[in-house]
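The chains referred to below are lettered A, B, ... by the order of the sequence lines, with proteins before strands, and numbering in each begins at 1.
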Amino acid sequence: MECRVKTLSVENLVLKAKAGDNDAFAQLVQRHSEDAYRTAFMVLRDRGEVEDVVQEAFLTCYRKLATFRMDSSFKTWLYRIVVNLCYDRLRKLNRESAAINKLTSNFNNGNKDMADIENRIDLKEVVSSLSPEHRLVLTLYYGMDFGVQKVAEILGIPVGTVKSRLNSARNLLKERLERGQNYAL
Amino acid sequence: MRCEKYKPTLNEFFNKTLSPGEERELEGHLAACRDCRSDFQKLKRADDLLRVAVREMVLEIEVPADLDQKIKSVLDGNRPKNPFLYNLPSFFRTPAVAAAMLFLVLGVSLFGLYDLFGQSARQQVVMTETPAAGTGSREKALITAQDAAPDGEMRSELPEAETDSARIALDVMAAQPEASVSERRSDPPPSQSARSRESYPAQGNPAPEDRGEGGAGSETAPSAATLLAPPGRGGSPADQAHKEVFSIAGGPTDRKGTLAEAAAETGIRPARPHYLPPGAQLSEVTWLPGQISQYYRMENASFAITQGLAELSGEKQRQRPGQETIIINGAEAVLEVTGAADGSQPPYAALSWQRGQYSYTIEGGVSREDIIKIAASLD
């Protein structure tokens, strides 16, 4: 990933962009587009859909920039838009049921007979097999370094729900490790 | 057992939600308790594994090299969503013009009920350029494209437009205050020729009137750029410096003033709340065609009541987890509350509903209880 020198803080860019400076908005795009793409991809898993969502998200930001009240951070606001668009797509494409159906194993599958399953379970596959919202909590917290409060804002769910999702992921993984499962990464 | 007290805090530690004091306390206990220390290590391993796995998954995702380009081309309006841009001569694709066009297009798509290309709209658009008004790059582009003279007069050197839409764009950018104003009035007072007429999208022919913004001083008259920029751009320097301008919702053509003015210009009968949270006062009213927004401020928070014509409200309701449906005076409403229920975070709530010909949204730093009371008290 490119490393760009931050000559202006995001707040300054947002203020300039709100005042009509298109170059400032272009810089906001540059700073956030990659991670926004990756986050959307973690949910949708389809390049075409993700590109559409990211384009639409930034267009929405551009259109609504004047109404952005800067009481949350720009990044949180942008991701909230990205997540909502992803959910819209999921509903349209009905991907949720497809994803759940193609499970081979998941965190909640503690009672399944593990004898037929290799000892080394791909943790990434497990994460992939989670519901989109669970996956999003992990992506935003572990992948994008949002705090639990911001994750809650982005997903529009209570902080308590975010915490309990993280806790159950950690606890279940801890149990598996205790039972001797090795996880390949 | 003392350990019971610390078990839940282990996960809170990894959620990074412990205060420094609580962390110190936990560390103290872990130093002394082997069982908890072992639990902590296992949980830490799980946390580390999750972090590594998720970050690797994220980094493995290949981002298209031209993603930024694609996004920018959407912003420039080169997508099929904006077909009329394809018919324009290439001049209109320069960044400044494209930006102006984008706002026009968005205006049409947002307020499609209005006949942008109709006679009334064309007559209304009279611009002046006020060199004193700010330094946004779009303004600069406009100025250079149009050779602004220091006294504020503009000469238009734009080519003949072939389409109605292009002609509107020409009108928007060609500021010829003397000529255009005199077309409609025989004797424009000097102070009024320096004023612009914010009238896009037009709603009838508003007569020129004193907006109370001061005399012929060019720094107070709204400029060409204000039609394309958020409110406050062409206002007094104090307005521009005041960050609060940006904290108030407003689009490119937001009008600001009294509730009575808003009602008169939009034709909407504004609903007033009869219940307000303690200390709340109406601090600002802005409006667009078909929509009025009332902004209320309390000591540490603010909220907005937006009322619009139901067909224009546009935003489809996404049913998301965390949203609940309640009834406000017989109408079905969607309520969303963020901020911790235990009060550790400031409350924030949003409530939207439709009743009769209007759609309503209340949103801001208010509690669930307050937002429902405000909504129910609207007349």
Under the rule for side chain to side chain donor-acceptor pair (under 3.5 Å), what residues qualify as partners of B:Thr306, not counting sequence neighbours?
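Side chain to side chain donor-acceptor pair (under 3.5 Å) list for B:Thr306, sorted by chain: B:Ser293.
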
Name all residues meeting the side chain to side chain donor-acceptor pair (under 3.5 Å) criterion together with B:Ser367; count only those two or more places apart in sequence or in a different chain, and write none if there are none.
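Applying side chain to side chain donor-acceptor pair (under 3.5 Å) to B:Ser367 gives none.
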
Tell me if the [atom1] atom of [X] is crowded by more than 12 foreign heavy atoms within 6.0 Å.
| X | atom1 | value |
| --- | --- | --- |
| B:Glu22 | CD | yes |
| B:Asp35 | CG | no |
| A:Lys75 | NZ | yes |
| B:Glu60 | CD | yes |

Side chain to side chain contact (heavy atoms under 4.5 Å, CB included) for A:Val29 and B:Leu75? Distances and angles first, verdict last.
CA-CA 11 Å; A:Val29 169; B:Leu75 297 176; 4.3 Å; yes

Positive for side-chain contact (heavy atoms from CB on, under 4.5 Å) with B:Ile61, one of A:Arg38, A:Arg47, A:Glu34:
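Only one of A:Arg38, A:Arg47, A:Glu34 forms a side-chain contact (heavy atoms from CB on, under 4.5 Å) with B:Ile61, namely A:Arg38.
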
Check B:Val58 against A:Gly143 and note the closest heavy-atom contact, atom names and distance.
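Nearest heavy atoms, B:Val58 then A:Gly143: CG2-CA, 4.5 Å.
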
For A:Leu138 versus B:Val54, what's the shortest heavy-atom pair and its separation?
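That would be O-CG1, 3.7 Å.
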
Working to the nearest 0.5 angstrom, can you tell me the gap between [X] [atom1] and [Y] [atom2]?
| X | Y | atom1 | atom2 | result |
| --- | --- | --- | --- | --- |
| A:Tyr142 | B:Glu56 | OH | CD | 15.0 Å |
| B:Leu67 | A:Tyr37 | CG | OH | 7.0 Å |
| A:Arg170 | B:Leu50 | CZ | CG | 7.5 Å |
| A:Glu175 | B:Leu43 | CD | CG | 11.0 Å |
| A:Glu125 | B:Met57 | CD | CE | 9.5 Å |
| B:Arg51 | A:Tyr141 | CZ | OH | 6.0 Å |

Can you check whether anything in residues 9-16 of chain B gets within less than 4.5 Å of chain A, heavy-atom wise, and list it by number?
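The list, in residue order, reads B:Asn11, B:Glu12, B:Phe14, B:Asn15, B:Lys16.
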
With side chains defined as the heavy atoms from C-beta onward, is the minimum distance between A:Val159 and B:Thr17 less than 4.5 Å?
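Result no, sub-4.5 Å side-chain heavy-atom pair not found.
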
Salt bridge B:Asp47-A:Lys174, side-chain N to carboxylate O under 4.0 Å:
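The answer is no: the pair does not qualify as a salt bridge.
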
Take A:Phe41 and B:Val63, measure what side chain to side chain contact (heavy atoms under 4.5 Å, CB included) needs, and give me the verdict at the end.
CA-CA 9 Å; A:Phe41 195 92; B:Val63 179; over 6 Å; no

Which residues share a salt bridge (charged side-chain N to carboxylate O under 4.0 Å, His left out) with A:Lys150, sequence neighbours left out
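Applying salt bridge (charged side-chain N to carboxylate O under 4.0 Å, His left out) to A:Lys150 gives none.
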
Full working for side chain to side chain contact (heavy atoms under 4.5 Å, CB included) between A:Leu177 and B:Leu49
CA-CA 11 Å; A:Leu177 289 169; B:Leu49 277 173; 3.9 Å; yes

With chain B, which of A:Val14, A:Thr39, A:Asn167, A:Asp145 has the greatest number of heavy-atom pairs at distances under 4.5 Å?
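If we count pairs closer than 4.5 Å to chain B, A:Asn167 comes out on top.
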
